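Values in this document were obtained by computation on a predicted structure and should not be read as measured data.
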Amino acid sequence: MTEALADALLAARLLAADRKLGGIVLRGGGPARDLVLQALRGLLPADTPFRRLPGHIDEDRLIGGTDIAASLANGTLIRQRGLLAEVAGGVLVVPMAERLRSDTAGRIAQALDNGPGFLLILLDDGEGPDERPPLALMERVAFDLSLQDVRAADLHCEMPEPGALGAAPSLDSEALSALAATATALGIASIRPLLQAAAVARAHAMLSGRDTVHRADLEAATRLVLAPRATKLPPEPEAPAPAEPEHEPEEAERPDNDEDDDSAPDIPEDLLIEAARAMIPPDVLELIASGRAQRSARGGGAGRRTGSALRGKPLGARPGMPGGGVRMALVDTLRAAIPWQPLRRRDPAPEGAGPIRFRRDDLRVRRFEERATTVTIFAVDASGSAALARLSEAKGAVELILAQAYVKRAEVALVAFRGTDADLLLPPTRSLTRAKRALAELPGGGGTPLARGIALARQLADAVMSRGRTPFLVFLTDGSANVAADGTSGRAQANADALTAAKGIAGAGLDAVVIDISPRPRPEAARIAEAMRARYLPLPFADAKALKVAVTLAAEPQKKRA
């Protein structure tokens with residue numbers, strides 16, 4: 001049994017011991033995930049409700065409302081219980097939680113905060129950091145564990161057995177301070193994980209039959225709750241100071257009860273922080289190393305979400321008039337009209353009225369959420385003696401990214417600048433054949449009109465945004481310009497114009513990355529990136545595959561600009 005599976009089974013025991021822990025996020029795992037759910041079911045009483053959330057559940061089924069079929073059959077208003085009421089005191093399993101609608105997540109979060117409570121199991125099948133369950137739900141569950149590396153051979157293990165539980169021990173100020181210092185060292189800003197870690201430490205001590213919380217309980221809480229939520233690495237421990245000579249304490253300074261002092265739990269704050277470094281999961285370490293752990297859900301690798309009346313992910317219906325491409329939500333319209341039928345039947349029926357009397361306020365229309373297409377715009381410096389090497393790298397990167405275009409609903413465009421001007425060689429496209437043809441004809445040599453290249457890339461990005469798409473700019477350059485915006489030669493004016501154009505990128509709020517492809521990292525390229533408020537990547541010896549990886553990482557959701 002792997003450590004990941006052992007931690008997940010331990011989390012199941014802790015959830016069964018303390019329902020206030022909220023629940024768990026299980027990333028990947030397949031059969032391993034089913035094993036954890038089976039273990040949790042076996043640890044709970046046999047009559048515990050166990051429900052799965054349907055993928056497109058409507059609001060009335062979720063929180064309770066009008067039973068349309070029964071109301072129409074009986075001619076009177078009949079209510080139905082919601083799923084959240086049915087699962088009270090039990091377990092709610094949410095498959096594909098990374099696709100959960102925000103309104104549904106809000107209702108579940110509200111039920112967790114105000115209702116009788118239930119354990120929430122979020123099954124996460126997302127492929128990247130931008131495909132996670134809603135934050136409102138992840139904050140309300142204690143555990144966020146990955147089972148992606150668990151193999152079928154690791155599934156043969158003994159299932160945990162329920163045992164007799166005593167009273168949960170209290171957590172003294174020293175232990176709570178150690179957890180708080182560890183959370184701070186890991187870059188965890190929210191108070192919820194700290195409170196959850198404290199509850200896990202108490203429950204772990206209770207399962208171990210201890211009356212007080214010891215270091216082992218705090219380490220378990222750090223490993224299960226705090227480490228998966230880390231956004232930075234704890235600082236390296238300082239070198240120990242030279243030991244001072246020990247002085248034998250006087251008789252009056254000796255503790256009155258040596259035995260009580262020996263039995264006190266050992267909770268050194270520094271050692272817990274140091275141990276937390278080794279507890280951070282590998283996937284979280286990768287996010288921290290790439291600077292993506294603290295990024296917000298701002299645009300990037302995935303296109304912006306926009307409202308749509310025709311297609312996309314379905315959202316809850318809203319009041320409105322159908323027509324002009326907007327379709328009526330019949331079931332929701334019936335739900336709005338049925339409760340008013342007893343009052344409306346007191347009035348004389350209009351001629352031709354049916355069994356259900358509708359009013360304008362009853363009408364509900366469908367609405368959807370559509371993710372905008374992402375367009376990655378490459379702006380390539382095609383000037384100078386090293387143009388051939390740079391262009392071959394850019395060509396390979398564009399082709400590799402195009403191979404994923406259909407999967408990620410992405411398009412690619414190519415701008416090249418050389419001589420005295422910049423040219424759009426490849427308008428936004430998913431066509432690999434068209435891209436290869438444009439890349440094969442890409443010329444090289446001459447001056448570096450960097451300002452013209454930045455200006456054309458911004459112009460193309462504005463056109464992309466006007467069509468409801470999300471642009472992402474990738475500049476491959478050494479940042480050294482020698483042709484000004486008006487086409488004249490002169491490094492001083494050319495660099496000034498380039499900085500002005502770069503500030504325009506920042507002013508327009510466009511996401512961008514500057515890849516320094518010079519033999520050595522140059523301060524000019526770093527200054528251009530700073531003016532754009534873009535990410536700077538010095539990759540002087542990168543090949544096409546490395547450029548593709550760099551662009552993919554940089555295109556993921558970025559920090560909000562101040």
[X]: partners by side chain to side chain contact (heavy atoms under 4.5 Å, CB included), with sequence neighbours left out:
X    : value
A220 : H204, R223
A181 : E269, I273
P45  : R19, D47, T48
P339 : T66, L77

When rounded to the nearest 0.5 angstrom, what is the spacing between [atom1] in [X] and [atom2] in [Y]?
X    : Y    : atom1 : atom2 : value
W340 : D361 : CH2   : CG    : 9.5 Å
L272 : T182 : CG    : OG1   : 3.5 Å
L62  : I57  : CG    : CD1   : 4.5 Å
L26  : Q148 : CG    : CD    : 11.0 Å
M96  : L53  : CE    : CG    : 10.0 Å
L120 : I24  : CG    : CD1   : 11.0 Å

message: Under 4.0 Å between a side-chain nitrogen and a carboxylate oxygen: does that hold for D144 and R132?
response: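 A salt bridge is present here (some side-chain N lies under 4.0 Å from a carboxylate O).
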Would D103 and R101 pass as an ion pair if we require N to O under 4.0 Å?
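Salt bridge between D103 and R101, a charged N being under 4.0 Å from a carboxylate O: yes.
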Within the supplied structure, the quantity of interest is the number of heavy atoms (other residues, nucleotides, ligands) at a distance under 6.0 Å from D211 CG; does it exceed 12?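 Counting neighbours around CG of D211, 12 or fewer heavy atoms of other residues, nucleotides or ligands fall under 6.0 Å, so no.
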Tell me if the CG atom of D362 is crowded by more than 12 foreign heavy atoms within 6.0 Å.
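Result for CG/D362: enclosed.
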Considering all heavy atoms of both residues, which atom of [X] and which atom of [Y] are nearest to each other, and what is their separation?
X    : Y    : answer
L171 : A201 : CD1-CB, 4.5 Å
R52  : L83  : O-CD2, 4.2 Å
L226 : P193 : CD2-O, 3.8 Å
A8   : L147 : CB-CD2, 3.9 Å
A32  : V150 : CB-CG1, 3.7 Å
A197 : A221 : O-CB, 3.2 Å

List in chain and number order the residues that pass side-chain hydrogen bond (donor to acceptor under 3.5 Å, both in side chains) with [X], two or more places apart in sequence or in another chain; answer none if no residue qualifies.
X    : value
R140 : D113
D125 : R33
R202 : none
E86  : R61

Is the shortest side-chain heavy-atom distance between [X] and [Y] below 4.5 Å?
X    : Y    : result
L186 : I280 : yes
P234 : E274 : no
L15  : F143 : yes
L92  : F50  : no
D7   : L224 : yes
Q38  : D34  : no
T231 : I188 : no
I121 : V91  : yes

With R13 via salt bridge (Lys or Arg N to Asp or Glu O under 4.0 Å) - residues at least two apart: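 Applying salt bridge (Lys or Arg N to Asp or Glu O under 4.0 Å) to R13 gives none.
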**Message:** Taking salt bridge (Lys or Arg N to Asp or Glu O under 4.0 Å) as the definition, give me every residue that meets it alongside R210, ordered by chain and number, with sequence neighbours left out.
**Reply:**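 Result, salt bridge (Lys or Arg N to Asp or Glu O under 4.0 Å) vs R210: D217.
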Side chain T184, main chain A180, donor-acceptor under 3.5 Å: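 At least one qualifying donor-acceptor pair exists.
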- prompt: Any donor and acceptor pair, going by atom type alone, linking the side chain of T333 with main-chain N or O of R364 inside 3.5 Å?
  reply: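 The answer is yes, because a donor-acceptor pair under 3.5 Å joins these two groups.
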### Message
With side-chain contact (heavy atoms from CB on, under 4.5 Å) as the criterion, how do L112 and F118 come out once you've worked through the C-alpha distance, each side chain's angles and the decisive distance to 0.1 Å?
### Response
CA-CA 7 Å; L112 287 171; F118 50 86; 3.5 Å; yes
Original post:
Can you pull the side-chain hydrogen bond (donor to acceptor under 3.5 Å, both in side chains) pairs that have at least one residue in residues 191-200, sequence neighbours excluded?
Top reply: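 Every candidate side-chain hydrogen bond (donor to acceptor under 3.5 Å, both in side chains) pair involving residues 191-200 fails, so no pair, neighbours aside, qualifies.
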